[in-house]
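Taking it in order: structure first as structure tokens, then the write-up.
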Amino acid sequence: MIHIVNWILTRRCNLKCEYCRIIRNYENQPKEYPSIGYYVKNEMSTEVIKRSLLKIKKHNKNCFNIFYGGEPALRKDLGEIINFSNENNIHYTVISNNTPAIKKYIDNQIFI
């Protein structure tokens, strides 16, 4: 039975911490993709995340989900994912670097 799920919602991040391997080679992504576009193109869609959350809950209603990244607040749909989790009684936490540059993204999310 699954008890904890770690969700890397995005590899995008506003920081470039030396120890972090999630965002390595940020500047060296293929030239046909802008660096941010490369990460957005390869992220799970909102609908895939929602369907997956429901499937996981079906097998363990008490499963705990950890949303992080990169920086999850850089996803425009983070508020939608959180609201969906709240509406469906899905247990979660969000890990953010909550730096001043990120607070504006958090403030722009709509949370119910």
Side-chain angles (χ1 to χ4, degrees):
M1 180 180 303
I2 298 171
H3 297 284
I4 297 174
V5 178
N6 291 297
W7 294 82
I8 299 177
L9 293 180
T10 184
R11 290 179 60 195
R12 291 178 281 155
C13 188
N14 61 313
L15 303 177
K16 296 178 184 172
C17 303
E18 287 185 28
Y19 63 84
C20 182
R21 302 298 286 171
I22 289 174
I23 192 167
R24 70 175 177 262
N25 295 324
Y26 189 80
E27 291 84 8
N28 296 320
Q29 294 306 324
K31 296 204 185 300
E32 62 267 18
Y33 305 112
S35 57
I36 294 297
Y38 175 82
Y39 289 118
V40 172
K41 178 182 178 292
N42 291 290
E43 291 176 357
M44 289 182 287
S45 72
T46 311
E47 291 309 312
V48 167
I49 292 169
K50 289 178 179 180
R51 282 195 314 267
S52 299
L53 284 165
L54 288 176
K55 286 180 184 179
I56 292 165
K57 183 180 178 185
K58 179 180 176 182
H59 295 288
N60 181 0
K61 65 180 180 163
N62 295 314
C63 182
F64 191 75
N65 297 274
I66 303 170
F67 301 129
Y68 68 109
E71 174 48 57
L74 291 176
R75 282 189 68 124
K76 292 179 181 177
D77 62 352
L78 181 62
E80 185 177 348
I81 293 166
I82 288 172
N83 291 335
F84 179 83
S85 297
N86 290 338
E87 292 164 359
N88 290 281
N89 199 28
I90 294 170
H91 307 291
Y92 68 91
T93 191
V94 178
I95 298 174
S96 169
N97 63 46
N98 201 31
T99 58
I102 289 302
K103 288 183 181 184
K104 67 181 178 184
Y105 293 100
I106 294 171
D107 291 343
N108 288 330
Q109 297 289 337
I110 299 171
F111 302 108
I112 297 173

Legend entry - Any W7 side-chain heavy atom under 4.5 Å of I66 side chain: no

Inset, instruction - Return the minimal non-hydrogen interatomic distance between N60 and I2, and the atom names on each side. - result: ND2-O, 2.7 Å

Inset, instruction - Nearest 0.5 Å please: distance from the NE2 atom of H91 over to the CG atom of N89. - result: 5.0 Å

Legend entry - For the student: nearest non-hydrogen atoms of K57 and I90, plus distance: CD-CG1, 3.9 Å

Inset, instruction - Measure the CD1-CG distance between I4 and N62 for me, rounded to the nearest 0.5 Å. - result: 12.0 Å

Inset, instruction - Nearest 0.5 Å please: distance from the CD1 atom of I82 over to the CD atom of E87. - result: 12.0 Å

Legend entry - Derivation of the side chain to side chain contact (heavy atoms under 4.5 Å, CB included) call for T93 and Y68: CA-CA 9 Å; T93 191; Y68 68 109; over 6 Å; no

Legend entry - Any side-chain donor near an acceptor of the partner, E71 and T10, under 3.5 Å: no

Inset, instruction - Could you work out the complete set of other residues in the hydrophobic cluster of Y19, with links drawn between I, L, V, M, F, W and Y side chains under 4.5 Å apart? - result: none

Inset, instruction - Would you kindly say whether T99 and N97 are connected by a side-chain donor-acceptor distance under 3.5 Å? - result: yes

Legend entry - Derivation of the side chain to side chain contact (heavy atoms under 4.5 Å, CB included) call for F67 and I95: CA-CA 6 Å; F67 301 129; I95 298 174; over 6 Å; no

Inset, instruction - Check whether I49 and I56 end up in the same hydrophobic cluster, where Ile, Leu, Val, Met, Phe, Trp and Tyr are linked by side-chain heavy atoms less than 4.5 Å apart. - result: yes

Legend entry - Shortest non-hydrogen separation from L78 to A73 and the atoms involved: CD2-CA, 3.7 Å

Legend entry - Side-chain touch P72/I81, heavy atoms, less than 4.5 angstrom: no

Legend entry - Validation row: L9, E43 side chains within 4.5 angstrom (heavy atoms): no

Inset, instruction - Heavy atoms only: give me the nearest R75-M44 pair and the separation to one decimal. - result: NH2-O, 2.9 Å

Inset, instruction - Give the minimum heavy-atom separation between A101 and N14, together with the two atoms involved. - result: CB-ND2, 3.9 Å

Inset, instruction - Mind checking the SG-NZ spacing from C63 to K55? Nearest 0.5 Å is all I need. - result: 14.5 Å

Inset, instruction - Please list, chain by chain and in numerical order, all residues satisfying ring-ring contact (aromatic ring centres under 6.0 Å, His included) with F64, sequence neighbours excluded. - result: none

Legend entry - Distance-minimising heavy-atom pair for F84 and K50: CE2-O, 3.6 Å

Legend entry - K103 side, atom NZ; S96 side, atom OG - distance, nearest 0.5 Å: 9.5 Å

Legend entry - L74-V48 co-clustered via ILVMFWY side chain contacts under 4.5 Å: no

Legend entry - S85 side chain to N65 side chain, donor-acceptor N/O pair below 3.5 angstrom: no

Inset, instruction - Could you tell me whether Y105 atom OH has more than 12 heavy atoms of other residues or ligands within 6.0 Å of it? - result: no

Inset, instruction - Consider only side-chain heavy atoms of I, L, V, M, F, W and Y, link residues closer than 4.5 Å, and tell whether L53 and V94 are in one cluster. - result: yes

